[in-house]
Amino acid sequence: MSLNNFVKSIQDIMRNDAGVNGDAQRIEQMTWILFLKIYDYQEKNWEFDDDNYRSIIPDELRWRNWAIDNKDGEALTGEDLLDFVNNKLFPGLKNLELNEYSKRNEIIVREVFEDNNNYMKDGVLLRQVVNVIDNLNFDDYQDKHAFGEIYETILKDLQSAGNAGEFYTPRAVTDFMAIMLDPQLGEGIADFACGTGGFLTSVLKLLDGKVISREDRELYKESIFGIEKKALPYMLCVTNMLLHDIDNPNIVHGNSFDRKVMDYTEEDKYDVVIMNPPYGGSEKKSVQNNFPKDLRSSETADLFMSVIMYRLKKNGRAAVILPDGFLFGTDNIKVSIKKKLLGEFNLHTIIRLPPSVFAPYTSITTNILFFDNTHPTEETWFYRVDMPEGYKHFSKTKPMKLEHFDDATEWWVDRKPIEIDGFDKARKYTIQEIIDNAYNLDLCGIPHEEEEILPPRELIAQYQEERARLNAQIDETLDEIKRILDIE
């Protein structure tokens with residue numbers, strides 16, 4: 001069964017269950033079952049490697065002891081299965097006994113189930129779902145390492161994934177960013193809004209190719225760190241990490257903004273940060289108080305930029321996706337964040353992405369900021385990635401591919417200015433030019449040759465972004481006039 005058909009077959013079964021409403025609940029239901037199947041597979045590996053291994057899960061609740069259907073009529077189904085899941089499995093896993101010596105791979109079991117529930121009301125249909133998932137064979141190398149596609153399929157089917165600026169990041173983009181950062185074994189690599197772990201898996205794919213010895217494999221397993229606020233993507237991320245041979249995933253279910261940024265020590269910092277922060281959302285005052293006054297934004301993307309700067313090691317490097325609004329924003333807080341970024345870090349490259357990279361979730365244009373903690377910015381290169389030949393826009397059926405970054409990758413190693421039809425495609429600006437431009441980083445923009453008719457919500461978002469851009473330009477012009485006239 002193909003991975004796409006795997007997801008579809010489960011969704012089709014759940015659509016017949018009166019207790020499961022909508023894609024969000026179907027996905028949540030699917031993922032806790034997947035987690036237990038995968039955790040049981042990993043436990044078999046841990047048992048093989050360690051004769052003294054003891055599961056944190058009570059025997060009666062382990063996948064191998066209740067989920068497997070041997071077709072002998074003994075498997076739990078119907079009301080018996082529902083009773084077991086609702087009254088034994090969930091209460092047992094939500095209340096696992098942990099202590100200060102508990103390992104991360106034990107703690108995550110309780111964390112995964114703390115915020116989850118079984119929604120299915122038909123025990124026969126639940127048995128069918130369990131059987132489909134149990135047929136996955138993780139001993140098969142291709143099945144195991146292609147499993148990430150299931151997550152991508154799940155997220156593409158979840159239309160609500162675009163709420164509050166939280167979008168599925170195409171694999172081509174995460175892979176490109178990871179390749180440009182070139183992570184090394186022994187480095188600490190972090191994503192402070194890790195979602196389902198797409199960026200971390202792109203990093204792990206590169207690190208896996210560098211593993212030669214047993215010591216290298218241990219460095220690989222200890223390399224990544226993530227934080228995710230929401231229960232569903234957290235569960236997906238932990239499961240994803242287990243499948244990538246991270247035995248004790250250092251993935252935290254929490255909020256990156258809950259700690260004062262000034263309290264971070266060297267132990268809290270990382271060599272590499274790679275992420276796509278949620279944007280468009282807002283944070284309450286109590287959260288903003290964890291930041292210095294001049295950095296107290298209500299916008300999530302702004303706050304994440306501050307977190308990244310406070311948690312990037314000396315000589316560390318970062319790649320971060322941000323909307324155009326961050327680049328051209330001239331309000332006091334955005335300018336303060338950009339002053340800190342340019343004054344304390346080396347913002348060496350901004351890659352401008354085409355508008356429809358995140359289709360179908362949004363058409364808002366985004367950028368990848370590459371910077372390192374080596375020295376203040378002296379110059380910044382801008383490079384615009386254009387739509388590939390033959391494409392008017394990306395879509396679910398025609399997504400962006402890694403090969404669409406080939407020109408950018410080639411330019412990266414031999415940087416030269418490029419001008420096409422009177423528009424700068426690649427150009428270098430000095431720090432003084434950026435300062436003189438009121439810290440507006442909206443440079444080498446995408447020329448709009450034709451107007452695309454968008455759905456109403458996307459059209460509203462696009463107009464709001466354009467209004468913000470025009471307001472920023474007006475404010476900049478007014479400030480310049482006041483300066484000339486010496487008016488406060």
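Keep in mind that what you see is a predicted model, and the values were worked out from it rather than measured. All heavy atoms count here, side chains included; hydrogens, waters and symmetry mates do not.
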Which label fits Phe304 and Phe257: parallel for a plane angle under 30°, tilted from 30 to 60°, or perpendicular past 60°?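 If you compare the ring of Phe304 with that of Phe257, the planes turn out tilted.
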From [atom1] ([X]) to [atom2] ([Y]), nearest 0.5 Å:
| X | Y | atom1 | atom2 | answer |
| --- | --- | --- | --- | --- |
| Ile68 | Asp40 | CD1 | CG | 6.5 Å |
| Asn290 | Gln288 | CG | CD | 10.0 Å |
| Ile56 | Arg62 | CD1 | CZ | 11.0 Å |
| Asn240 | Ile38 | CG | CD1 | 8.0 Å |
| Glu60 | Lys88 | CD | NZ | 4.5 Å |
| Tyr310 | Arg259 | OH | CZ | 13.5 Å |

Kindly indicate, with the supporting measurements, whether the criterion side-chain contact (heavy atoms from CB on, under 4.5 Å) is fulfilled by Lys269 and Glu266. CA-CA 5 Å; Lys269 298 180 180 181; Glu266 202 58 32; 3.8 Å; yes
Listed partners of [X] passing side-chain contact (heavy atoms from CB on, under 4.5 Å), at least two apart:
| X | answer |
| --- | --- |
| Asn289 | Arg296 |
| Glu344 | Lys340 |
| Ala231 | Asp115, His253 |

What closest approach, in Å, do [X] and [Y] show between heavy atoms, and which atom pair accounts for it?
| X | Y | value |
| --- | --- | --- |
| Ala318 | Leu312 | CB-CD2, 4.3 Å |
| Ala67 | Asn131 | O-OD1, 4.3 Å |
| Val385 | Ala408 | CG2-CB, 4.3 Å |
| Pro292 | Val261 | CD-CG2, 3.6 Å |
| Ala178 | Pro183 | O-CD, 3.3 Å |
| Ser223 | Leu204 | OG-CD2, 3.8 Å |

Output, in order, the C-alpha distance, side-chain angles, deciding distance and verdict of side-chain contact (heavy atoms from CB on, under 4.5 Å) for Leu322 and Tyr279. CA-CA 8 Å; Leu322 289 170; Tyr279 47 86; 5.9 Å; no
I'd like to know whether [atom1] of [X] has more than 12 heavy-atom contacts from other residues, nucleotides or ligands below 6.0 angstrom.
| X | atom1 | result |
| --- | --- | --- |
| Lys285 | NZ | no |
| Asp72 | CG | yes |
| Lys94 | NZ | yes |
| Glu403 | CD | yes |

Salt bridge (Lys or Arg N to Asp or Glu O under 4.0 Å) with Arg217: which residues, sequence neighbours excluded?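 Asp208.
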For Asp122, all residues meeting salt bridge (Lys or Arg N to Asp or Glu O under 4.0 Å), sequence neighbours excluded: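 By the salt bridge (Lys or Arg N to Asp or Glu O under 4.0 Å) rule, Asp122 matches no residue at all.
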Side chain [X], main chain [Y], donor-acceptor under 3.5 Å:
| X | Y | answer |
| --- | --- | --- |
| Ser297 | Asp302 | no |
| Arg110 | Leu96 | yes |
| Arg311 | Asp268 | yes |
| Asn373 | Lys313 | yes |
| Asp12 | Ser9 | no |
| Asn367 | Ile350 | no |
| Asp83 | Glu79 | no |
| Thr377 | Leu347 | yes |
| Asn248 | Asn105 | yes |
| His404 | Lys401 | yes |

Less than 4.0 Å between a side-chain N and a carboxylate O, is that true for Arg104 and Glu111?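 Salt bridge flag = yes for Arg104 with Glu111.
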Output yes when Glu218 and Arg214 qualify as a salt bridge under the 4.0 Å nitrogen-oxygen rule, no when they do not. no
With sequence neighbours left out, which residue pairs that include part of residues 102-135 fulfil the ring-ring contact (aromatic ring centres under 6.0 Å, His included) condition? Phe90-Phe113
Flag the pair [X] / [Y] as yes when at least one side-chain heavy-atom distance between them is below 4.5 Å, and no otherwise.
| X | Y | value |
| --- | --- | --- |
| Asp386 | Asp407 | no |
| Lys205 | Asp175 | yes |
| Asn45 | Asp247 | no |
| Thr31 | Asn116 | no |
| Val112 | Tyr234 | yes |
| Arg317 | Phe370 | no |
| Arg415 | Thr349 | yes |
| Asp69 | Asp134 | no |

Please lay out, stage by stage, how Phe176 and Phe405 fare under the test ring-ring contact (aromatic ring centres under 6.0 Å, His included). CA-CA 7 Å; Phe176 170 74; Phe405 283 105; 4.1 Å; yes
Going by atom types only, do Asp59 and Asn65 share a side-chain donor-acceptor pair under 3.5 Å? no
Any donor-acceptor pair under 3.5 Å linking the side-chain atoms of Gln184 with those of Asp182? yes
Could you go step by step and tell me if Arg127 and Leu76 meet the side-chain contact (heavy atoms from CB on, under 4.5 Å) rule? CA-CA 8 Å; Arg127 165 50 61 188; Leu76 287 172; 4.3 Å; yes
Worked verdict on Lys210 versus Glu187 for salt bridge (charged side-chain N to carboxylate O under 4.0 Å, His left out): CA-CA 13 Å; Lys210 302 176 189 288; Glu187 291 185 318; over 6 Å; no
Going through the distances and angles, do Met30 and Val129 end up as a side-chain contact (heavy atoms from CB on, under 4.5 Å)? CA-CA 8 Å; Met30 191 188 315; Val129 171; 5.9 Å; no
Can the ring centres of Tyr39 and Trp32 be said to be less than 6.0 Å apart? no
